[in-house]
Amino acid sequence: MIRRRDFIAGLGGAAAWPHAARAQQGDRVRRIGVLTGFDENDPLSNSLVSTFTQALADLGWTDGGTVQMEVRLSGVDINRLRALAHELVGLQPDIILACTRQARVALQRETQTIPIVFASVIDAVTGPIVAGLDRPGGNITGFANQEASLGGKWLELLSEIAPGLKRAAIMYNSTAVAHVGYFQAAARSLKIAPIYALVHSDVEIEAAIIALGREPGSGLVVMPDAFTFAHRAPIISAAARNNVPAVSWLTDFARNGGLLSYGVDVVSTFRGAATYVDRILRGAKPYELPIHYPTKFEMAVNLKTAKALGLAVPPSLLLRADEVIE
Amino acid sequence: MTGRSKTFKDLVQASGWRQINGPLFRKYVALLLAVIFVVLLISGSLNGLLEIGFAYQQHKASLVRIQREQAEAAAAKIGQFIKEIESQIGWTTQLPWSTGNINQRRFDGSRVLRQVPAITEFAQLDATGKEQLRQSKLATDVQNSQIDFSHEAKFTEAVAKKVYYGPVYFRRNSEPYMTLALAGIRRDAGVSVAEVNLKLIWDAISLIKVGEHGQAYVVDDQGRLIAHPDISLVLGNTDMTGLSQVKAARAAGGGTLNETGQIGKDLRGRDVLTAYAPIAPLGWLVFAELPVDEAYAPLYQALARSGALLLAGLALAFLAALFLARRMVVPIQTIRAGAARIGSGDLAQRISVRTGDELEALAEQLNRMAEQLQDSYAGLERKVEERTHQLALATSRNPGFLPRRATICASLCMRSASSLRSCTAISHLPTAAGLSIASTRR
């Protein structure tokens, strides 16, 4: 963990030169906590955290200089996450970045005073967040990276790319996902039988996808959470082996062999979160900063995977794709 | 304080200041100072001050004009943003509705959503106002919903005026949105309706630089903020109707703001110089604001410069007045002192004044007078000596002659300068009889 932090510090330091003077205004070194449910060996999650660090450095907050970063990566173990949340709050940092929904929930249990900025939290309206999106109360604000209604959109896209879809499973790890309702509604209107695949391990992922593969006309919708993020590789490979067309929220999913992805540019939410951290460190109150919802959505289609599944990608979908992997 | 005044006093005494610091000197200083100051004021500083007074009005007018141009440029940019959306939607309303071309329409809709990031939802209504297709970036698409919009403004207005701009609404009470509806040239082409996320105007607005710390922002016809460099204020659903400049602009209805409307306070309570421009078809207003401190900084600098020059001029004038007054008063003082010494009997005293003017002539006159006095005194002394001698001779010859001495003495006194001193001088004459002069004066 320490090696990783040093790496991020170095990365931030290189680009922070021109703004170093600006951040000197607060003379004492600020402490920024970062809590994620990501795995520490996941290159994507590491690049997200370093995006955040880099964006902060560009705003004048260099790790090791004007700020001290305390990065804690728990992996998907919820107990470890809670323990790390407790530890982080114990350090009394000036502000904490919550990178996943579970991280935000765990932090909210620990503190009502330390400002929390979230990025990539699945859906802000689900957990016990504050009244009104325009004015979040208390100590929490941030950049949400999901729209609950995408739960239905994914199923629709899946039915477009895989005509003849009769049944579709939503794969999720956390029950508190607002997308499920939209998924159900879409399934009803598209006349597709919904299947609920609550998974907690690679074995359960494998079992659920094998079951889908046995019956033709089946598809998979991967719900956004830290678990499916961390386990995206086994999901992609199991879907490929069992000939199951699958759609995910994460662009990286299609880039690495998944069929289709549609969702928010996650990187931009981490950059956005850095701007909020900057403003709070400069004296803004979390409740003055409204929660940001995404405006840009990106679609990626993997033609190789489509070909392997024997699917012809319709032009209407290709037209909408921001990224086509061939 | 007392220490300082004491040293000043010492200084004054050491420099011999006291000797010339009389009423005449003060009069001269005041007079000269007044003259120099008036000249200075008229020729330089007053002129400068008046100039600044005029410049203030001109500067303010030109600032307001520049800001208005900036606001107009921003308004044009936002107008362009809306026009582009219209042109992107435009070609979805060219073909008449028929049951066969729904897939083509769907394709067009997908393309619109792809091309225009700001459009979140896109619906196509047929010629009777029924919704045939609704596509969204967030929600599932709906085909053939047949929802009747034929009595809603987005259909009726669009059909009547070809284009309809709906009021701004806030999705989730946070993100500003507007409904934009467009009708085709042919009536049977139906109406295309786009839900436009106005958050994306931010790109246009944040690029506009008003001075160093100024900014531009947009309010809708209700006075709510819909675009601002700080997007958080927009998402926070900020009501701008409390700001005096927004009130004034809404009352002016597109015209120029009056004097008081040009100065207002921004959301942070700073005084700002404001100009605005309307975005005509939308009823929105773009404001360009510059903090007053920054706007008037050049004027304040000019004012400070003129003030400093005036002060420096005054100080110089004071020194010059002192110098000139001293030049005039010193010879007068010398003459006065010289005259006083001559008056006290020091007839050998000569006054030395070399100013080459009337004062020098006056000093010469006095010198001549003293000289003549000295001469006549010397002559008198000689005569007295002679007479005394004769008297002594006469007395020695005829002792009864003595009483006549008083008469001689008195007549001498009359003929000489009749000054007391002459008489006193005579009274000191050696008298054999020892008579007092007091008796001769009787």
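A note on names: the letters A, B, ... follow the listed sequences, proteins ahead of strands, and every chain is numbered from 1.
- Using a 4.5 Å cut-off between heavy atoms, A:E160 touches chain B through its side chain atoms alone.
- Here the closest non-hydrogen pair linking B:R172 and A:E147 is NH2-OE2, 2.6 Å.
- One finds the OG1 atom of A:T295 at 7.0 Å from the CD atom of B:E175 (value rounded to the nearest 0.5 Å).
- A distance of 9.5 Å separates CG in A:L319 from CG in B:D108, rounded to the nearest 0.5 Å.
- Here the NE2 atom belonging to A:H292 is positioned 6.5 Å from the CD1 atom belonging to B:I231, to the nearest 0.5 angstrom.
- Put simply, CZ on A:F297 and CG on B:L113 are 11.5 Å apart, with the number rounded to the nearest 0.5 Å.
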Donor-acceptor pairs under 3.5 angstrom involving side-chain atoms of residues 180-191 of chain A: please list them, not counting sequence neighbours.
{"unit_1": "A:Q184", "atom_1": "NE2", "unit_2": "A:Y196", "atom_2": "OH", "d": "2.8"}
{"unit_1": "A:S189", "atom_1": "OG", "unit_2": "A:A186", "atom_2": "O", "d": "3.2"}

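- Within residues 131-139 of chain B, the residues having any heavy atom less than 4.5 Å from a heavy atom of chain A are, in residue-number order, B:S136, B:K137, B:L138, B:A139.
- Between chain A and the options B:D230, B:N197, B:V234, the largest number of non-hydrogen pairs under 4.5 Å is found for B:D230.
- When the side-chain hydrogen bond (donor to acceptor under 3.5 Å, both in side chains) test is applied to B:S192, the partners found at least two apart in sequence or on another chain are B:T92.
- Both the backbone and the side chain of A:P315 come within contact range of chain B, each with at least one heavy atom under 4.5 Å from a heavy atom of that chain.
- For the atom pair CZ of B:R114 and CE of A:M299, the computed distance is 9.0 Å after rounding to the nearest 0.5 Å.
- Expressed to the nearest 0.5 Å, how far CG of B:L235 lies from OG1 of A:T141 amounts to 9.5 Å.
- A donor-acceptor pair under 3.5 Å is absent between the side-chain atoms of B:K199 and the main chain of A:P294, judged by distance alone.
- Residues forming a side-chain hydrogen bond (donor to acceptor under 3.5 Å, both in side chains) with B:D221 (at least two apart in sequence, or on another chain): none.
- Of all the heavy atoms in A:P290 and B:S232, the pair that sits closest is CG-O, 3.1 Å.
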